[in-house]
Structure formats: C-alpha cells, structure tokens
Amino acid sequence: MNRFWIRAVTYGLVIVLGLGAALPSLLPPAWLSALPAAYQSHSLTLGLDLQGGSHLLLKVDTDDLTRGKSGREKAEIRDDAVARSLEVVRRRLNETGVVEPLIVRQGDDGIVVQLPGVTDPERIKTLLGRTAKLSFHLLAEPGTPARRLPASEGDRVYPLKPLPLLDGGNLEDARLGFEPRTGQPVVNFQLDNEGARKFAEITTHHVGDPFAVVLDGKVITAPVIRSPITAGRGQISGGFDAREAGDLALLLRAGALPAPLEVVEQRTVGPDLGGDQIRMGVATGLIGAALVLAFMVLAYRRWGLIANTALVINLGLVIGLLASLGATLTLPGIAGLILSVGMAVDANILINERIREEARRGRSGQGALRAGFQRAYATILDSNITTLIAVGLLFQFGAGPVRGFAVTMAVGLVVSLFT
C-alpha cells in the first residue's frame with residue numbers, strides 16, 4: 001500500500017470516529033433514545049447559562065484554625081485552608097457524577113459552585129457540608145469526655161482517648177459494600193502502606209479491646225478487635241442504608257475538609273437565554289452558515305464544494321472531540337466555536353486564492369494545487385500557533401466562562417489544521 005492510500009485510510013478513520021462521537025450531540029431525542037445507553041451519554045452537556053441549574057456560595061469557616069493568629073500568618077493559614085477546601089469540593093463533586101460543575105474561589109474565604117441541570121441540590125449540600133474527618137480511637141477510662149453514637153444506635157456513651165491512633169490521612173480507598181452474613185450496607189476501606197503498618201500494630205497489641213471509628217466528632221461504631229488485621233483493609237458499619245454508605249465512601253475517598261463549609265447563598269437559576277432566543281440563534285446561525293457556503297461555491301466552484309465539505313467535517317469533528325473530552329458547552333464556548341469556524345473559512349479562502357495565483361503563473365493544475373496549498377498552509381500554521389498561544393494563556397489564567405471559550409477555540413483551531 002503506497003503512501004497515498006495509507007494517508008487516505010488514516011484520515012478516513014479519524015473522520016468516521018470523530019463524526020460518530022458527534023452524533024449523540026446532534027441527533028433528535030427520539031432517535032437518540034434508540035441507541036445504546038453508553039452511546040447516549042457520549043454527548044455535549046449544556047452549561048448553567050444554557051440549561052439552568054443551581055448556584056451555591058460556600059464560606060470556609062477558618063475561625064478555629066486562625067484563632068490566636070494574627071497578621072500575615074493568619075492570612076496564610078486562611079488561604080491554605082480555602083485552597084485545600086476548593087480541591088476537596090472538586091473531588092467530591094466529581095465523585096457524585098455531576099457533569100462539569102464550575103468551582104471557583106470568591107474573595108478571601110468564599111467558594112462558588114455552579115451545577116448545570118441540578119435543580120434540587122440538597123444531597124450536594126449535605127455532601128459538601130460534612131467535614132468528613134475520620135479517626136480511630138481506643139476507649140478511655142471512665143470519667144473522661146465521651147462521644148455519643150448516632151441515634152439509630154441508641155444513646156450509648158463511649159469515653160474515648162483524645163489522641164487518635166490513626167486518621168483518614170492514611171486512607172487510600174473506600175467503597176460501598178455489603179456484609180455477607182446480614183446483607184447490610186457497609187463501607188470497605190483500604191489503607192496505604194503506612195496506614196496498614198500502623199493498623200496492624202494497633203490491632204496486634206489491642207486484641208479484645210473496643211476500637212471506635214469516629215467521623216466528624218461522632219462515634220459510628222466501636223467493634224471489639226477479635227484478631228490482628230495485617231492486610232490494611234477494614235470495614236465500617238453503622239446501620240447505614242445503601243445511599244448513606246455510598247455517600248460516606250465518597251466523602252472518605254475525596255478526603256476531609258480542613259475547615260467546615262457554610263452555605264451562604266443558594267439559588268436555582270434559569271438559562272440566560274430562553275427557548276425562543278435559542279431557536280432564533282440557531283436559525284440565524286444556520287442562515288449565516290448557508291450564506292458562507294453559498295459564497296464559497298459561487299467564488300470557487302468545485303473547489304468551493306471541497307472547502308464546504310471540509311468545513312462541515314470540521315464542525316462535526318469539533319463537536320465529537322468536545323464530547324469525548326466531557327466538555328460543557330456554554331455561551332462563551334459557542335462564541336469560541338463560531339470564531340474557530342470563521343478562522344477555518346479564512347484558511348480555506350487563503351488556500352484557494354494561493355492556488356489561483358499559482359495557476360495564473362502558468363503552473364499545471366497539479367502543480368498549482370500542491371504549491372498553493374503548501375505555501376498557504378505554512379501561513380495558516382503560523383497564524384494558528386500564535387492564536388493557540390494566546391488561547392493557552394486564557395485557559396491558564398482564566399476561570400469559568402473564559403476557560404470554556406479557550407477550550408472550544410483551541411479544539412476548533414487544532415481540528416481546522418487537520419481538515
């Protein structure tokens with residue numbers, strides 16, 4: 001197989017795969033429902049400004065962390081706590097499966113969370129509001145400060161030694177499971193190497209002693225150590241239902257918050273553009289696209305048809321690639337997409353004009369095609385690389401809508417270089 005056919009087959013596969021990835025985002029709902037569920041989910045998600053959702057403003061309560069501190073040291077502790085809280089919130093929301101939440105810092109101690117398509121964020125609020133500090137304690141002598149079991153376990157009191165022998169920092173993984181004998185939901189956890197070593201030492205030296213599992217200052221369970229546990233695995237049970245156990249596992253996997261979070265503001269928002277405006281925008285966009293395609297055909301005849309085919313493939317590949325990346329489409333993202341398509345049109349015009357110039361100089365059709373394309377492509381490549389540098393800076397230093405614009409713009413430019 002010669003070089004031409006290798007390239008043709010490679011390009012053909014890329015186009016088929018890209019357009020196949022774009023189909024779930026383009027098909028009507030009635031047609032989409034007939035496809036496999038995994039394929040249906042492979043589609044672009046609309047952002048908060050297009051489909052509405054929930055908006056939460058959280059405050060990181062750093063009073064306990066900064067008590068007794070002052071000046072620059074206090075500001076550094078607060079900044080560190082907010083930065084760590086931001087990362088924990090991001091991990092927790094990613095674990096819940098909420099599609100592309102927007103999570104940004106606001107002010108000194110605020111975190112803004114936007115959840116596209118989520119109109120009832122109560123479970124999300126509960127998950128974000130729990131500090132999820134896990135620790136393991138031995139029982140103390142009678143008369144020491146006690147902690148109570150959950151109500152489902154009664155009003156039993158356990159005096160605990162204040163110093164934990166192990167904490168959630170050594171947790172490597174936590175998953176929902178079911179106790180084989182009773183079928184009750186539990187949380188199965190796995191410790192890292194250091195945690196497994198500590199756990200083995202604790203359970204070896206305290207066989208027969210109760211070992212309390214404490215979450216956010218409340219005893220979940222306090223089983224008696226029956227034998228040494230050396231594999232670094234354990235189980236947390238506490239009368240959970242499946243959802244509670246799953247949420248607890250999620251919280252433990254995501255890690256503990258360094259400080260409590262308080263919901264300062266909550267509101268459900270509608271899309272920035274109503275249905276009529278969106279339909280009008282789609283209609284005007286289609287009219288504009290039709291005019292551009294018609295101009296290309298009138299100006300360049302058969303070459304214009306080739307350019308138009310490339311533009312249609314370009315748009316399909318961009319949508320397919322964005323869907324594959326799990327991107328969320330917002331109004332700024334649509335602006336970036338339109339701008340990248342406009343630059344692709346400019347590239348096609350530049351290529352066709354260069355081919356015309358080479359033909360006027362007396363080159364054969366094949367020679368004019370090759371020379372015109374190569375010379376125009378070098379210019380297009382330089383132009384797109386400089387634009388990509390600017391877009392990269394937008395992505396690096398921007399946030400939220402600015403990043404959405406940068407992502408779609410970058411994807412559009414890269415795909416344009418291919419088509």
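Bear in mind that the values here come from a model prediction, so they are computed numbers and not experimental data. Position 1 is the first residue of the sequence; numbering continues from there.
At least one donor-acceptor pair under 3.5 Å links the side chain of Asp216 to the backbone N or O of Ala132. Of the possible polar contacts, one joining the Thr408 side chain to the Gly333 backbone as a donor-acceptor pair under 3.5 Å is found. The backbone N or O of Asp241 sits less than 3.5 Å from a side-chain atom of Glu244, completing a donor-acceptor pair. Put simply, the side chain of Arg175 never gets that close to the backbone of Asn188: no donor and acceptor are under 3.5 Å apart. Remark: side-chain polar atoms of Thr131 are not paired, donor with acceptor, to backbone N or O of Lys133 under 3.5 angstrom. Looking only at distances, no side-chain donor or acceptor of Arg354 sits under 3.5 Å from a matching main-chain atom of Gly372. A donor-acceptor pair under 3.5 Å links the side-chain atoms of Asn352 to the main chain of Asn348, judged by distance alone. Using a distance-only test at 3.5 Å, with no hydrogens or angles considered, a donor-acceptor pair links the side chain of His137 to the main chain of Lys161. Side-chain atoms of Arg197 do not come within 3.5 Å of backbone N or O of Ala200 as any donor-acceptor pair. Counting only distance, with no hydrogens or angles, the side chain of Asp167 and the backbone of Leu134 share no donor-acceptor pair below 3.5 Å.
With a 4.5 Å cut-off on side-chain heavy atoms, Ile349 and Met296 count as touching. Considering only heavy atoms from C-beta on, Phe136 stays 4.5 Å or farther from Leu165 through its side chain. Counting only heavy atoms from C-beta outward, the side chains of Ile306 and Trp303 approach each other to under 4.5 Å. Using a 4.5 Å heavy-atom threshold, the side chains of Phe211 and Val224 count as separate. Side-chain contact between Arg92 and Leu251 is present, with at least one heavy-atom pair separated by less than 4.5 Å. Contact annotation: the side chain of Ile111 approaches that of Ile103 to within less than 4.5 Å [non-hydrogen atoms, C-beta and beyond]. You'll find the side chain of His206 reaches within 4.5 Å of the side chain of Leu138, heavy atoms only. In this structure, the side chains of Asn170 and Lys198 come closer than 4.5 Å at one or more pairs of heavy atoms.
In this structure, Leu381 CG and Leu413 CG are separated by 11.0 Å, a value rounded to the nearest 0.5 Å. Atom CG in Asp61 sits 6.5 Å away from atom NZ in Lys59 (nearest 0.5 Å). Expressed to the nearest 0.5 Å, how far CZ of Arg105 lies from OG of Ser85 amounts to 9.5 Å. Rounding to the nearest 0.5 Å places OG1 of Thr10 at 12.5 Å from CH2 of Trp5. In this structure, CD1 in Ile380 is found 9.0 Å from CG in Asp346, a value given to the nearest 0.5 Å. If you take CG on Asn384 and CE on Met343, they are separated by 5.0 Å, rounding to the nearest 0.5 Å.
No more than 12 heavy atoms of other residues, nucleotides or ligands sit less than 6.0 Å from atom CZ of Arg233.
The two residues Thr203 and Ser227 make their nearest non-hydrogen contact at CB-O, 4.2 Å. Across every non-hydrogen atom of Ser25 and Ile319, the tightest pair is CB-CG2, 3.8 Å. For the residue pair Thr62 and Ala81, the shortest heavy atom distance occurs at CG2-CB, 3.9 Å. Ser340 and Met409 get closest at one heavy-atom pair: N-SD, 4.0 Å. The two residues Pro164 and Ser135 come nearest to each other via the heavy atoms CB-CB, 3.8 Å. Heavy-atom minimum distance, Ser383 versus Thr386: O-OG1, 2.6 Å.
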Next on the checklist: Could you walk me through whether His55 and Gln266 satisfy the side chain to side chain contact (heavy atoms under 4.5 Å, CB included) test, starting with their C-alpha distance in whole Å, then the side-chain angles of each, then the deciding distance to 0.1 Å, before giving a yes or no?
Outcome noted: CA-CA 6 Å; His55 172 101; Gln266 172 192 340; over 6 Å; no
Next on the checklist: With side chain to side chain contact (heavy atoms under 4.5 Å, CB included) as the criterion, how do Val264 and Leu56 come out once you've worked through the C-alpha distance, each side chain's angles and the decisive distance to 0.1 Å?
Outcome noted: CA-CA 8 Å; Val264 177; Leu56 299 174; over 6 Å; no
Next on the checklist: Would Arg84 and Asp80 count as a salt bridge (Lys or Arg N to Asp or Glu O under 4.0 Å) here? Give the steps.
Outcome noted: CA-CA 6 Å; Arg84 287 159 55 201; Asp80 178 69; 2.9 Å; yes
Checklist entry - Would Arg90 and Glu87 satisfy salt bridge (Lys or Arg N to Asp or Glu O under 4.0 Å), going step by step from the backbone distance to the final call? => result CA-CA 5 Å; Arg90 182 173 287 108; Glu87 183 58 32; 3.6 Å; yes
Next on the checklist: As a quick check of understanding, evaluate side chain to side chain contact (heavy atoms under 4.5 Å, CB included) for Leu339 and Phe405, giving each step before the final call.
Outcome noted: CA-CA 10 Å; Leu339 184 55; Phe405 172 84; 4.1 Å; yes
Checklist entry - Phe418 and Tyr11: ring-ring contact (aromatic ring centres under 6.0 Å, His included), yes or no, with the steps? => result CA-CA 9 Å; Phe418 171 79; Tyr11 294 165; 5.5 Å; yes
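The aromatic rings of Phe199 and Phe189 stand perpendicular to each other, their planes meeting at an angle above 60°, with 30° marking the opposite boundary.
A side chain to side chain contact (heavy atoms under 4.5 Å, CB included) with Val411 is found for one member of Val391, Leu317, Leu322 and no other, namely Leu322.
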